[in-house]
Structures are given as structure tokens and as C-alpha cells.
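Reviewing the structure listed below.
Here the structure is a predicted model, which means the values were calculated and not measured. Residue numbers start at 1 and run along the sequence shown.
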Amino acid sequence: MYCKKVFIVLSLLLCCIFHAQTLHLYGGADQDQYLGCLNCDNFDKNSIWNKFSDYGNVYSSKSIWNTYGNYGSSYSTYSPWNAYASYPPAIVDQDGNFFGFLTLNPYKSERSELELAMILCKHHEEIKSDVGVWYERLFR
């Protein structure tokens, strides 16, 4: 019983710590192209969840949701949605700590194991169709 309580408290603390971290995406061969904030509010101008921002708009060249762009195409080597991508976006926190690559590529070393990254990879096609609804599901 005591171990169970300790586990619950530790889990809650870890959730609070994770939620306090702001995670960002950087793409390109050298991960020098900013692609937006992964877990920011959907009203944040840098959020991938803001459908009116450069990073959340399905028509923006900087968006992972743009099916025809370098960072959202299933054929681009820079896209997380290409199962063979060589240079998928990196997930980095505000302090520069690396959390792996956001990618469908199961062979990419250092593929992110974050729960949010796994959800995005699993549901990216559905998310593209309505970013706002998915933001509510994931963060509310």
C-alpha cells in the first residue's frame, strides 16, 4: 500500500515537471529551422496547435501539418511523417535538452519515446484534419 502511494505521488510530480517544460521542434539537416512549440497553448503564436500561426497552419511552409511542405510531406527527408526520413525534426526543451526525433521512422536512432511524440506519430493524419479538436483532446 505504501509503495502504491509513493508511486502515485512520484507520477504526479513527474507529470508536473513534464508539463512545465516547453518543448520545441527544429527541422532541417542541421536542425536549424524552427518549426514551432510542441506543447504550447493553442493561442500561442509559436504553437503547432494554433491553426492561424506559421507552425500550425496546414498551408505554411514551416508547419509539420502541411502535406505538401518539406516538414509535413510523407515524402520529404525532413518530415516526421516520412517512415524513412533521414532528418526528422528534433524535440528540444527551452534549455536546449534533446528529447529525441519526432519521426515515424522506426530505424532512426534517438527516436523520441515521449508520449506526446508517440501520439502524434500514431494519429498525425487525423490531427492534420482538425488541429484544434486534437489540442483539446490532448491538453484539456
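When all heavy atoms are compared, the tightest approach of Asn50 to Asn42 is CB-O, 3.1 Å. Closest heavy-atom contact between Asn39 and Gln21: ND2-O, 2.7 Å. The shortest heavy-atom contact between Ser76 and Asn70 is OG-O, 2.5 Å. Here the closest non-hydrogen pair linking Gly56 and Val131 is O-CG2, 4.3 Å. Heavy-atom minimum distance, Glu126 versus Lys122: OE2-O, 4.2 Å. Looking at every heavy atom in both residues, Pro88 comes nearest to Ser79 through CB-O, 4.3 Å.
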Worked verdict on Cys121 versus Leu102 for side chain to side chain contact (heavy atoms under 4.5 Å, CB included) = CA-CA 8 Å; Cys121 287; Leu102 178 62; 3.9 Å; yes
Check step by step if side chain to side chain contact (heavy atoms under 4.5 Å, CB included) holds for Asn46 and Ser53.
-> CA-CA 7 Å; Asn46 292 322; Ser53 76; over 6 Å; no
Can you check side chain to side chain contact (heavy atoms under 4.5 Å, CB included) on Ile91 and Leu116, steps first, answer last?
-> CA-CA 11 Å; Ile91 302 172; Leu116 180 56; over 6 Å; no
Start with the C-alpha distance between Trp65 and Trp81, add both sets of side-chain angles, then the distance that settles side chain to side chain contact (heavy atoms under 4.5 Å, CB included), and finish with yes or no.
-> CA-CA 9 Å; Trp65 307 125; Trp81 319 133; 3.7 Å; yes
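Between Ile48 and Leu38 the shortest side-chain heavy-atom distance falls below 4.5 Å. The closest side-chain heavy-atom distance from Asn66 to Val58 is not below 4.5 Å. With contacts defined as side-chain heavy-atom distances shorter than 4.5 Å, the pair Leu104/His124 qualifies.
The main-chain N or O of Asp54 is found under 3.5 Å from a side-chain atom of Ser60 such that the two form a donor-acceptor pair.
Summarising the local packing, NZ of Lys62 is surrounded by 12 or fewer heavy atoms from other residues, nucleotides or ligands at distances under 6.0 Å. Atom OH of Tyr87 has 12 or fewer neighbouring heavy atoms from other residues, nucleotides or ligands inside a 6.0 Å radius. Around the CZ atom of Phe98, the shell of radius 6.0 Å holds more than 12 heavy atoms that belong to other residues, nucleotides or ligands.
Between Trp134 atom CH2 and Leu120 atom CG the span is 9.0 Å, to the nearest 0.5 Å. Going from atom OG1 of Thr67 over to atom OH of Tyr59 covers 9.5 Å, rounded to the nearest 0.5 Å. The distance from atom SG of Cys37 to atom CG of Leu23, rounded to the nearest 0.5 Å, is 7.0 Å. For the atom pair CD of Glu113 and CE of Met118, the computed distance is 4.5 Å after rounding to the nearest 0.5 Å. Atom OG of residue Ser61 and atom CG of residue Leu35 lie 9.5 Å apart, to the nearest 0.5 angstrom. Remark: Tyr71 OH to Gln33 CD distance equals 4.5 Å, nearest 0.5 Å.
Linking Ile, Leu, Val, Met, Phe, Trp and Tyr residues whenever their side-chain heavy atoms come within less than 4.5 Å places Leu25 and Ile119 in a single cluster. Follow the hydrophobic side-chain contacts under 4.5 Å out from Tyr135 and you never reach Phe52; the two are in separate clusters.
Aromatic ring orientation, Tyr34 versus Tyr55: perpendicular (interplanar angle above 60°, classes split at 30° and 60°). Below 30°, between 30° and 60°, or above 60°: for Phe139 and Trp49 the angle between ring planes is above 60°, a perpendicular geometry.
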